[in-house]
Amino acid sequence: MLGQMDWDAYWRFERFRRRCDPLDFRKWKSDSQRALKGLYPGAPRLLDSTAGLGDHTVNLAEAGFRVEACDRSPVAREATREALAEAGLDVPVFDAEWAALDRPGRYDVIFNDALHWIEDPDALRAALRGFFDALTPGGALVFFFADAAKPHAGYGLELMEWDWAHMEHERVAWEHTLGERTVTLSVLAERHATTLDEHHVYLDREGDAPPRASALTMTRIYRWDWHGIAPLLAELGYVDLRSDHFENTAKGYTFAMSRAFKPSA
């Protein structure tokens, strides 16, 4: 229903979209992996903690990292395994809560592009603590959205204002047909004090069957800019917090990839 996020439903419809959309999603997302490989030219053990449909997982494995991947959604895990099989890669994919990875000291690098999707501070602390425990001494958590070059209070809200001013508040995001099935995604944006909701409504039509409607809400959270997240990382023992900046060649802008390190032994 609206107001709730259903990742299984989201990934199911995204898999349908992928079967129809000519966009090379792996190439579209490859700049962060290319940048990370420049920072780690060897073959460190890496956890892709946000596997999704496997785009980053495949890219990271092909770049030479020794990759493992996790996601809470069984639909996402199945899609990631299929993507890895198609690429001829042998990568473990497992289900785990970030707060309870139960792999102490295993990873040199943990890749996460969704930390800023956690709204509750205690839940974020628990996730960061789980990652800390799973890192080797000297290992790094890699994350996005927060940028050390923009450390002032309120920067996240500035980004929210910019996004709201430049986004379509009502739009048909995509419509695809495969065989007798057509799926249309409409998105309605709603603004709140520190978040933007994007209400997704999927209309699923197949042959002469009555159309089916599904809905979910994705919430964009803007509180975890550098000013918000850096104190939490320091509180939990992370050191040497930094952001490196790279060009996104596909989209034509500069992005920040941030890291926080577990102290060396």
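A salt bridge does not link D113 to K29: none of the charged side-chain nitrogens sits closer than 4.0 Å to a carboxylate oxygen. The residues E247 and R34 are annotated as not salt-bridged, no charged nitrogen and carboxylate oxygen being separated by less than 4.0 angstrom. Using a cutoff of 4.0 Å between basic side-chain nitrogens and carboxylate oxygens, R81 and E78 are not scored as salt-bridged. Electrostatic pairing of D71 and R77 does not count as a salt bridge here, judged by no charged N lying under 4.0 Å from a carboxylate O.
W226 has its ring centre no less than 6.0 Å from the ring centre of H152. Remark: aromatic rings of F111 and F144 are close, center separation under 6.0 Å.
The two residues I229 and A146 have their closest heavy-atom pair at CG2-CB, 3.8 Å. Closest non-hydrogen pair, D6 versus A9, comes out as OD1-N, 3.1 Å.
The local environment of CG in D90 is sparse, with at most 12 non-hydrogen atoms from other residues, nucleotides or ligands closer than 6.0 Å.
The backbone N or O of T57 lies less than 3.5 Å from a partner atom in the side chain of D48, making a donor-acceptor pair.
Ring-plane geometry between F132 and Y238 is classed as perpendicular, the angle between the planes exceeding 60 degrees on a 0 to 90 degree scale with a lower cut at 30. Ring geometry for W98 versus F131: interplanar angle of 30 to 60°, hence tilted.
Each of Q33, E62, H56 was evaluated against R26; a single residue qualifies, E62, per the side-chain hydrogen bond (donor to acceptor under 3.5 Å, both in side chains) test.
A donor atom on one side chain and an acceptor atom on the other are found under 3.5 Å apart for S73 and D8. With 3.5 Å as the limit, one finds no donor-acceptor pair spanning the side chains of T217 and D197. Judged purely by distance below 3.5 Å, without hydrogens or angles, the side chains of N59 and S30 never pair a donor atom with an acceptor atom. For Y155 and D147, the side-chain atoms include no donor-acceptor pair closer than 3.5 Å.
Because its NZ or CZ atom is both nearer than 6.0 Å to the ring centre of F94 and within 45° of the ring axis, R103 counts as a cation-pi partner of that residue.
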